[in-house]
Amino acid sequence: MLVYVEGQRTEENYVVYWHRRYRTQVGVMIADERGVPMTLVDHAIAAKREAERDARRGRGAPWDEVWCVFD
């Protein structure tokens, strides 16, 4: 799963804690981009589309899930 988070601490700490707890069942990658909620959603949509396009071309697998986490 690919995760976009708004801030540097709260949201990222939550995702890191969650990943440590369930790491045997779920792979998580936190994206480098940060920003306001709508910007995160735009990045997530673009990343999902790009991954699906790459998968159709035989270059990897698309993300199972793309999340945006913000408060």
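Here, residue 1 is the first one in the sequence, and each next residue gets the next number. Just so it is clear, the structure is predicted and the values come from calculations on it, not from any experiment.
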If two hydrophobic side chains count as joined below 4.5 Å and joins carry through other members, does Val69 share a cluster with Ile30? yes

Exercise: identify the closest heavy-atom pair between Pro62 and Glu52: CB-CG, 3.9 Å

Over all heavy atoms of both residues, which pair between Pro37 and Glu6 is shortest? Give the atoms and the distance, please. CD-OE2, 3.9 Å

Could you list who else is in Met38's hydrophobic cluster, with ILVMFWY side chains joined at under 4.5 Å, directly or through other members? Val41, Ile45

Any Lys/Arg nitrogen of Arg34 or Glu12 sitting under 4.0 Å from an Asp/Glu carboxylate oxygen of the other? yes

Compare every heavy atom of Tyr4 with every heavy atom of Ala44, then report the nearest pair and how far apart it is. CA-CE1, 3.6 Å

Val26 and Met1, any side-chain heavy atoms less than 4.5 Å apart: yes

What pairs of residues pass the salt bridge (charged side-chain N to carboxylate O under 4.0 Å, His left out) test when at least one of them lies in residues 17-33, not counting sequence neighbours? none

Strictly by salt bridge (charged side-chain N to carboxylate O under 4.0 Å, His left out), give each pair with a member in residues 53-71 just once, sequence neighbours left out. Asp54-Arg59

Take Met29 and Val3 through the side-chain contact (heavy atoms from CB on, under 4.5 Å) test and state the conclusion after the steps. CA-CA 6 Å; Met29 180 178 156; Val3 181; over 6 Å; no

Checking Glu50 now: which residues fulfil side chain to side chain donor-acceptor pair (under 3.5 Å) with it, not counting sequence neighbours? none

Heavy-atom side-chain proximity of Val16 to Asn13 below 4.5 angstrom: no

For Arg49, which residues count as a side chain to side chain donor-acceptor pair (under 3.5 Å) partner, sequence neighbours excluded? none

Go through the steps to decide whether Phe70 and Leu40 satisfy the test side-chain contact (heavy atoms from CB on, under 4.5 Å), and finish with yes or no. CA-CA 9 Å; Phe70 48 85; Leu40 296 178; 4.0 Å; yes

Counting N and O atoms only, with roles assigned by atom type, does the side chain of Lys48 sit under 3.5 Å from a partner on the main chain of Trp63, one being a donor and the other an acceptor? yes

ring-ring contact (aromatic ring centres under 6.0 Å, His included) filter on Trp67, not counting sequence neighbours, yields Trp18

